[in-house]
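Order of appearance sets the numbers: ligands from 1, and atoms from 1 within every ligand. Positions are given from 1 along the sequence.
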Amino acid sequence: MSFKEAAKQRGLYLARVVRSQRLSPGFVRVTVAGQDLERLPRHGYDQWFRLCLPIGAGTVDWSALPDQFGLSGYLKFKSSGLAKRVAVRNYTVRQHRPEAGELDIDFVAHGDRGLAGPWAQRAQPGDQLALIDQGRGFSPTAPDDFHLLVGDESAQPAILGILRDLPRSARGLALIELPQAADAQPAEAPEGFEVRWIVRSPGSGQPGQAALAELREVALERPEAVTAYLAGEQALASGGRRHLVAAGLPKSKIEFVGYWRAGSASA
Ligand SMILES: Cc1cc2nc3c(=O)[nH]c(=O)nc-3n(C[C@H](O)[C@H](O)[C@H](O)COP(=O)(O)OP(=O)(O)OC[C@H]3O[C@@H](n4cnc5c(N)ncnc54)[C@H](O)[C@@H]3O)c2cc1C
């Protein structure tokens with residue numbers, strides 16, 4: 001499975017907020033629950049989904065949402081009346097407890113711009129939402145490689161999920177950039193992993209640039225035996241990929257995705 005295969009994924013799951021909690025200055029955890037979540041497949045690692053949230057007043061027929069968000073599902077959604085009532089954003093499964101029909105989502109609290117970030121900061125028990133399963137982006141296909149995982153705060157849930165689910169024999173380095181040291185969460189990393197937190201200092205540029213600078217300092221002795229995963233602000237993902245290709249990594253071994261773009265809202 002990879003980000004390219006997400007379009008094939010299928011599955012609409014309805015849920016409600018059960019609680020929300022400020023984890024740290026920069027993160028809010030929203031726990032959602034519903035019978036549907038008992039049957040959500042567990043893909044593990046960086047499993048992600050389309051999060052469908054209500055916008056504006058009025059009721060939403062949640063079951064009318066598409067169960068697939070490939071090109072045709074997206075076009076169908078955009079041309080339906082639902083697009084005026086529902087916003088769709090991308091989020092990661094932080095923890096899934098199928099036996100309780102519960103799932104945790106860790107939102108970056110990035111102020112009052114946008115929809116999902118502000119929604120999470122005011123989420124109340126009972127608030128309704130829906131999820132469309134997208135599978136996972138990380139492919140654990142080269143267990144003996146050295147793994148490089150690089151991201152900003154929006155990718156902390158994904159990188160922590162990958163560290164949790166990798167075989168315990170895996171080796172590598174995780175670089176996670178955060179706005180503040182207090183935003184770091186415990187990592188269940190394999191012993192052969194170094195997890196390095198990079199705290200952004202004022203003046204270190206837009207999010208992602210400090211992690212990118214750190215990545216450029218990493219010496220890769222055998223680039224052909226490295227698998228890389230880059231996620232976060234667009235310039236981190238694309239700049240990191242460019243750097244790694246120039247350093248000799250085969251393109252096929254680099255999974256990269258721009259999670260968000262500084263200064264522009266999701267479509
Ligand atoms: C596969 C995938 C998984 C993701 N998982 C998570 C996750 O688990 N947790 C998480 O917090 N995000 C995650 N993201 C990123 C999230 O989808 C984006 O941050 C999204 O833009 C948030 O939507 P919004 O409505 O809050 O803001 P938007 O309406 O998209 O943007 C409004 C404004 O906020 C800015 N903005 C958006 N996101 C951020 C940010 N993180 N920091 C600072 N400014 C921002 C934009 O530049 C814009 O100016 C994921 C993205 C992808 C593709």
Side-chain angles (χ1 to χ4, degrees), residues 1-9 20-32 43-56 69-70 74 83 86-96 103-123 129 131-139 149-164 176-180 183-185 199-200 202 204-211 229-238 255-267:
M1 214 180 270
S2 70
F3 283 106
K4 284 196 189 98
E5 288 161 49
K8 296 182 198 154
Q9 210 61 42
S20 100
Q21 174 192 4
R22 175 66 72 157
L23 285 181
S24 64
F27 277 92
V28 174
R29 173 167 297 167
V30 178
T31 300
V32 303
H43 305 292
Y45 297 90
D46 61 338
Q47 178 170 0
W48 64 288
F49 51 87
R50 308 283 187 184
L51 174 64
C52 308
L53 297 172
I55 41 175
F69 220 68
Y74 172 77
V86 175
V88 181
R89 296 291 190 265
N90 305 312
Y91 279 85
T92 303
V93 173
R94 183 64 183 89
Q95 290 290 353
H96 180 203
L103 185 149
D104 297 331
I105 314 166
D106 286 0
F107 293 80
V108 173
H110 61 84
D112 55 7
R113 289 165 309 147
L115 292 160
W119 174 88
Q121 294 172 74
R122 52 166 205 271
L129 52 103
L131 277 59
I132 303 171
D133 183 19
Q134 294 291 194
R136 65 174 182 239
F138 181 82
S139 312
L149 310 174
V150 187
D152 64 16
E153 60 268 40
S154 64
Q156 175 167 248
I159 293 178
L160 294 181
I162 293 170
L163 291 171
R164 178 196 61 215
I176 308 175
E177 179 183 322
L178 296 172
Q180 306 190 45
D183 289 320
Q185 295 178 22
V199 179
R200 214 157 38 235
S204 64
Q206 73 186 28
Q209 290 306 299
Y229 178 92
L230 307 157
E233 205 284 324
Q234 175 66 35
L236 163 61
S238 56
E255 195 64 62
F256 75 113
V257 62
Y259 268 12
W260 62 283
R261 199 182 280 269
S264 81
S266 308

Note, R94 side chain near R164 side chain (heavy atom, < 4.5 Å): yes
Protein contact to atom 15 (C) of ligand 1 [nearest heavy atom, distance to 0.1 Å]: Y259 O, 3.8 Å
Polar contact flag for L115 and ligand 1 (N/O pairs, less than 3.5 Å): yes
Shortest protein heavy-atom distance from atom 34 (O) of ligand 1, along with the residue and atom involved: H110 CE1, 3.3 Å
Residues R29, D106: salt bridge by 4.0 Å N-O rule: yes
Nearest-neighbour protein heavy atom for atom 47 (O) of ligand 1, which is reported as residue plus atom name and distance: R261 O, 2.7 Å
Parallel, tilted or perpendicular, as decided by the 30° and 60° cut-offs, for the rings of Y91 and F107: tilted
Identity and distance of the protein heavy atom lying nearest atom 7 (C) of ligand 1: Y91 CD2, 3.4 Å
Nearest protein heavy atom with distance in Å, relative to atom 44 (N) of ligand 1: W260 CZ3, 3.4 Å
Ring geometry between W48 and F3 (parallel below 30°, tilted from 30 to 60°, perpendicular above 60°): tilted
Identity and distance of the protein heavy atom lying nearest atom 11 (O) of ligand 1: V108 N, 2.8 Å
Min heavy-atom dist D106 to ligand 1 below 4.0 Å: yes
Non-hydrogen side-chain atoms of I132 and V88 separated by less than 4.5 Å: no
Pairwise distance CH2(W119) to CZ(R89) - rounded to 0.5 angstrom: 13.0 Å
N or O pair under 3.5 Å between G114 and ligand 1: no
Sub-4.5 Å side-chain heavy-atom contact between L131 and L51: yes
4.0 Å heavy-atom contact, A262 with ligand 1: yes
Validation row: Q95, T31 side chains within 4.5 angstrom (heavy atoms): no
Min N/O separation G263 to ligand 1 under 3.5 Å: yes
Polar atom proximity, G258 to ligand 1 (N or O, under 3.5 Å): no
Flag for S24-D183: side-chain donor and acceptor within less than 3.5 Å: yes
Closest protein heavy atom (residue, atom, distance) for atom 49 (O) of ligand 1: R113 NH1, 3.2 Å
Atoms in ligand 1 with a heavy atom of P157 nearer than 4.0 Å: 8 (O)
CD1 on I162 to CG on D46, rounded to 0.5 Å: 4.5 Å
Heavy-atom check, side chain of W260 versus side chain of E233, under 4.5 Å: yes
Part of S264 with heavy atoms under 4.0 Å of ligand 1, whether side chain, backbone, both or neither: backbone
Residue, atom name and distance, where the atom is the protein heavy atom closest to atom 29 (O) of ligand 1: R89 NH2, 2.9 Å
Of the listed options W48, W119, F107, closest to atom 1 (C) of ligand 1 (non-hydrogen atoms): W48
